[in-house]
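What follows is a single structure, written as C-alpha cells, with notes after it.
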Amino acid sequence: MRMWPFVKPFWFVALMSLIIGIPIGALDATVALFLKPYTDLVIVSNNAQAPWYLPFLIVGFTIIQGILIYTSNFLTAYAGGKLNYAVKEKLYAKLLSLDTAYYDKQNSGIILYRFSSDADLACNGLLYNLKTLITRICSTLGLLCVLIYTSWQLAIIAVVVLGITVAPLTMVRRLLKKLVKQNVETSQKININYTETYAGNKTILAYNLQKNQQKTFNQHLKTIFELSVRMVKRTAWISPFMHFSVSVGVSLTIAFGSWLIVQQIITAGDFVAFLAALLMMYTPLKAMGNTIVNIQNGFLAIERIYEIFEEQPQIANKENAIELTEFQNEICFNNVHFAYKEEREVLKGLSLRVKKNDSIAIVGNSGGGKSTLMALLPRFYDVKSGNIEIDGIDIRDLNIESLRHQISLVFQDNFLFNGSIRDNILLGKANASEEEIQQALKSAYLDEFITSLPEGIDTEIGERGAQLSGGQKQRIAIARAFLRNAPILILDEATSALDNKSEAIVQQAIENLMKNKTVFIIAHRLSTIKNAHHIAFIQEGQLAEFGTHEELMQKENGLYKHLYQIQFQKNEQEKRENQALEEVK
C-alpha cells in the first residue's frame, strides 16, 4: 500500500501483469488433466477410437500459455520500469530538498546505495518476483484441483505434505532482516571505497596508499562474503527441506496410489494424472523459497526507501513565507548562537551590522566560526538562538528561494558540473543573453582563455572541472556570479588555494564582481582584504574586534594587528628569499 501512490498512474498495467500470472499458472493443470482420459483409453484399454485431438489440445494450451508468459513479461517490465522511474524521481527530489546538515551526516556510499540500488530492488525486482509468486500459487491451486478431482484420498496426503513444505517460508523475513541490514551497510562502504579511489586518486598515488586502500577494500569484501555465507546458512536449508518433503509426498502417493488401483478405487488414468499433477505442483514449490527470499528483500528495500521519504529537512519555508524581492538597507546578525553539535557552540552571541553596498572582511584564526557565520546567511543552517535580519525581517520568515536568489557565493573550491564552460556559467542565469555571457567572461578575465580553446565556451571541462587549473575554475565561478548579479556577495577563501600569479588575476576579477554589492569576504591572506570598508575579527565564535584596517592597526596589542604583522613579516621574508633565488639564477 505504501507503493500505491507510485503505482496509481499505471495501476491497470501493473495489475494485468500480475493477473495474467493466474491463467499462466492455471494452465499447468491442463496437461495433467488430459493425461487421465489418454491413459485410460489409449494405454490401458488400447482403444483406437480415443480422442485423437488430445495431444493437439495439450500443444494448443501450451502455445496459449507461452503467449501469456510473453505478455506478462512485457507488462511486468513496463510497469516495473515506470515504478522505478517514479520512485527514483521522488527519491532524487527528496535528495535535493534535504539540507546541508543531512549531507554532513551521510556519506556518498549511503547516497548511491539507498537512492539507487534500493529503488531497483523495490520496484523491478519486487514486481517480477510477485508475478512469479502469483503464477506459482495459481499453478499450485490449479494442480491441487486436479488432485482432488482425480482422487480426494491421495489429495489429503498431498495437502498435508504441502503444508509441511510451505511452513518454513513464514520464517524467512525474521531470518533475513538483520543480515540484510548489515549487508546493505557494508555495500555502502564498498561504494565509498570506489568514490574515494576516484576522487582521491592523486592523494593515493602521492602517499603510496594503494596497499592501505586495498586492505580496507578487502576487509569489506570479506565482510560481504561472511554475511553471504551466514545468509546461506540461515535460508539454504529451506530448499533441501522442501525437496525432502516433496520426495516423502511422492513416495506416499505412489504407495497409497498403487493400493487404491489394486482395490479399483481409482483407475490407472486417475493415478497417472494425479502423479503428474503432484510432480508439477511440487516442482515450482521447491523453487518458491528463493522467490520468497527475493520478495522479502524487496519489502525491506521499500522500508529503507520510506525511511528516506520520512526524512524532514530542518530548513524549510514557513507557511506564508515572505518573498524577498529586493535588498534595500542592511543585514543584521543579532546575538547569534550556533552549534553543529549540542555540546560545542561555534558561534556565541555574535552581533554584526552591515549596510548595503558595504564590504566587510571576516578574519580570525582557523576554527573561529568565520565560514559558519556566512553559511547561516543563505540558511544552509539555522541559528540556535538570536536571529539574522535582512531589512528588518528575520530570514527564517523569508521564502528560502527568494533569499538565496539575492546572494552569490564564490568558495575556495567551487563545484563545477560535468558539461561545458557555457553550461556552468549559465547556472548563474539560465536565460542570459550572449551579450551578458560575453560581458561576464570579460569581467572574470576569462575571454582570452576562452578564445584559446578550439571549441571556445562550449569546451567540455570534465567532472568537477578536472581539465582546468585552479585559477580557471575560480574565474568560471566568478563569471557565474556575474551572471547572477545578486546584490549580496559572499567570498569564502576565494583565492587562498591559488598561486601568486593566478591569485592576482582572480583578485582583479573579484574586484570587478564586488562593485555595487554588499560583500562579505573571508580570507586568511590579509593583504586581500585591507581595503574593505570594515573588518570583523572573530575569535572563538565571538566578535573580538571591528573597524577599518587603519583603526585596527592603531590598537595596542590588537588581535588583527598581531595577525597582520605576522603575515607581513612572512611575506617580507618570502620576498627576500625570492630575490636571493633570482640573484643565484
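Taking 4.5 Å as the limit, every side-chain heavy atom of F256 sits out of range of all side-chain heavy atoms of I156. Residues L324 and H405 have side chains not in contact (no heavy-atom distance under 4.5 Å, counting atoms from C-beta outward). Between L98 and K94 the shortest side-chain heavy-atom distance falls below 4.5 Å. In this structure the side chain of Y381 reaches within 4.5 angstrom of the side chain of T100, judged on heavy atoms. Counting heavy atoms from C-beta outward, T372 and Y340 have side chains that approach closer than 4.5 Å. Within the 4.5 Å cutoff, no side-chain heavy atoms of F217 are placed close to those of H220. Side-chain contact check for L75 versus F12: every heavy-atom pair is 4.5 Å or farther apart. When side chains are defined from C-beta on, F415 does not count as touching L427, because their heavy atoms never get closer than 4.5 Å.
Pairing each heavy atom of A79 with each of A14, the nearest pair is CB-CA, 3.8 Å. Here the shortest heavy-atom pairing between A432 and L426 reads CB-CD2, 3.9 Å. V383 and R396 make their closest contact through CG2-NH1, 3.5 Å (heavy atoms, listed as atom of the first residue, atom of the second, distance). Heavy-atom minimum distance, A119 versus L91: CB-CD1, 4.0 Å.
Side-chain atoms of R484 come within 3.5 Å of backbone N or O of I407 as a donor-acceptor pair. Checking side-chain atoms of N317 against main-chain N and O of I400 turns up a donor-acceptor pair under 3.5 Å. Between the side chain of S72 and the backbone N or O of S17 there is at least one donor-acceptor pair closer than 3.5 Å. The backbone N or O of L416 sits nowhere less than 3.5 Å from a side-chain atom of N424 that would complete a donor-acceptor pair. For D423 (side chain) and S420 (main-chain N/O), a donor-acceptor pair under 3.5 Å exists by modelled atom type. The backbone N or O of R379 lies less than 3.5 Å from a partner atom in the side chain of R404, making a donor-acceptor pair.
Counting only N and O atoms by type, the side chains of T76 and N73 include no donor and acceptor under 3.5 Å apart.
Atoms OH and CD1, from Y70 and I20 in turn, are 12.0 Å apart once rounded to the nearest 0.5 Å. From R422, atom CZ reaches atom OG1 of T459 across 10.5 Å, with rounding to the nearest 0.5 Å. To the nearest 0.5 Å, the span separating OH on Y102 from CG on D104 amounts to 12.0 Å. One distance of note links OG1 of T253 with CD1 of I157; it measures 5.5 Å at 0.5 Å rounding. Summarising the geometry, atom NZ belonging to K429 is positioned 5.5 Å from atom CG belonging to N431; distances are rounded to the nearest 0.5 Å. Atom CD1 in I395 sits 13.0 Å away from atom CD in Q406 (nearest 0.5 Å).
Checking I24, T135, I64 one by one against I69, the side chain to side chain contact (heavy atoms under 4.5 Å, CB included) holds for a single residue, I24.
Remark: Y128 OH is loosely packed, at most 12 non-hydrogen atoms of other residues, nucleotides or ligands lying under 6.0 Å away. Within a 6.0 Å sphere centred on NZ of K82, heavy atoms belonging to other residues, nucleotides or ligands number 12 at most. Other residues, nucleotides and ligands contribute only 12 or fewer heavy atoms inside 6.0 Å of the CD atom of E401. Residue Q264 qualifies as open at atom CD: its count of foreign heavy atoms under 6.0 Å is 12 or below.
Applying the side chain to side chain contact (heavy atoms under 4.5 Å, CB included) test to I134 and every residue at least two apart in sequence or in another chain returns L18, I22, C138.
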For a side chain to side chain contact (heavy atoms under 4.5 Å, CB included) check, start with the C-alpha distance between Q314 and D382, then their side-chain angles and the critical distance, and finish with the verdict. CA-CA 8 Å; Q314 297 176 16; D382 269 342; over 6 Å; no
Is there a side chain to side chain contact (heavy atoms under 4.5 Å, CB included) between W152 and I266? Walk through the geometry before answering. CA-CA 10 Å; W152 64 267; I266 62 173; over 6 Å; no
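Between Y78 and F74, the ring planes are parallel. Angles under 30° get that label, and only those over 60° would be called perpendicular. Classified by interplanar angle (parallel below 30°, tilted 30° to 60°, perpendicular above 60°), the ring pair Y306/F309 is perpendicular.
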